[in-house]
Amino acid sequence: MERAQMEFAAELLRLTRRCRGIDKHVSASVGLSIDEVHCLSVLFSEKPSSVKMLSELINVSPTRTSKILRDLEQRGFLTRTLDVSDHRKEHVMLTEEGKQTVDRLLSLYREIGTRMLGSWPAEFNLDIAQLLQTISHSD
């Protein structure tokens, strides 16, 4: 592997560790596991059409996803109803409490991001903005 590729890989590893640290901080602040935080945020932003799709988006098994959904439902963050035409499918919707929690999550991530961006040079922030835009359009 050439030097530039190794440096890129090392930076990506550092970024991944930093993101995990941010996730840990946010999840502790709202009293949810990292998987629960990811589940709520994906339900809010992506509105997956199935548990299988949700499990792929949060990168956990469908069995684990079902347990997360059950726990979040019991705690009042979401509701689940069976599809009228196909009882093998269920619809998952955030409750008002779930939406308020997602608002709090987004606020925490925005605060952290603002602090991080404020500590970097302005030209670096432009690079980050372009990178994020590229990533969001590559899905």
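Hydrogens, waters and symmetry mates are skipped; everything else that's a heavy atom, side chains included, is used.
- I34 and Y109 are not part of a single hydrophobic cluster, where members link through side-chain heavy atoms under 4.5 Å apart.
- There is a side-chain donor-acceptor pair under 3.5 Å between H38 and D23.
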message: Using side-chain contact (heavy atoms from CB on, under 4.5 Å), reason through Q74 and D71 one step at a time and then give a plain yes or no.
response: CA-CA 5 Å; Q74 289 173 347; D71 292 347; 4.0 Å; yes

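- Side-chain contact between V51 and S66 is present, with at least one heavy-atom pair separated by less than 4.5 Å.
- The shortest non-hydrogen separation linking L54 to C39 is CD2-SG, 3.8 Å.
- Atoms CZ and CD, on F77 and Q100 in that order, are 10.0 Å from each other to the nearest 0.5 Å.
- In this structure, NZ on K52 lies 10.5 Å from CG on L57, to the nearest 0.5 angstrom.
- Considering CD1 of I112 and OG of S29, their distance stands at 7.0 Å, rounded to 0.5 Å.
- Residue-environment remark: CZ (R20) stays at or below the threshold of 12 foreign heavy atoms within 6.0 Å.
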message: Using the rule given for side-chain contact (heavy atoms from CB on, under 4.5 Å), can you reason through R64 versus I68, listing the C-alpha separation, both sets of side-chain angles and the distance that settles it, and then say yes or no?
response: CA-CA 6 Å; R64 172 80 178 125; I68 293 167; 3.8 Å; yes

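- Counting non-hydrogen atoms of neighbouring residues, nucleotides and ligands closer than 6.0 angstrom, the CG atom of D86 exceeds 12 such neighbours.
- Distance check, rounded to the nearest 0.5 Å: OG1 of T101 to CG of L78 gives 10.5 Å.
- Counting heavy atoms from C-beta outward, E36 and R75 have side chains that approach closer than 4.5 Å.
- Surrounding CZ of R80 are more than 12 heavy atoms belonging to other residues, nucleotides or ligands, all under 6.0 Å away.
- Put simply, NZ on K47 and NE2 on H91 are 15.0 Å apart, with the number rounded to the nearest 0.5 Å.
- Clustering ILVMFWY residues whenever any of their side-chain heavy atoms sit less than 4.5 angstrom apart, transitively, puts M93 in a cluster other than the one holding L72.
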message: Working note: L94 + L40, criterion side-chain contact (heavy atoms from CB on, under 4.5 Å); need CA distance, chi angles, decisive distance, verdict.
response: CA-CA 8 Å; L94 293 175; L40 289 175; 3.5 Å; yes

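- Side-chain heavy atoms closer than 4.5 Å link hydrophobic residues (I, L, V, M, F, W, Y) into clusters, and following such links, possibly through other members, connects L108 to L106.
- Note that the CD atom of E46 and the OG atom of S41 stand 8.5 Å from one another [nearest 0.5 Å].
- Using a 4.0 Å cut-off between a side-chain N of Lys or Arg and a carboxylate O of Asp or Glu, E11 and R14 qualify as a salt bridge.
- A donor-acceptor contact closer than 3.5 angstrom is absent between the side chains of S33 and D35.
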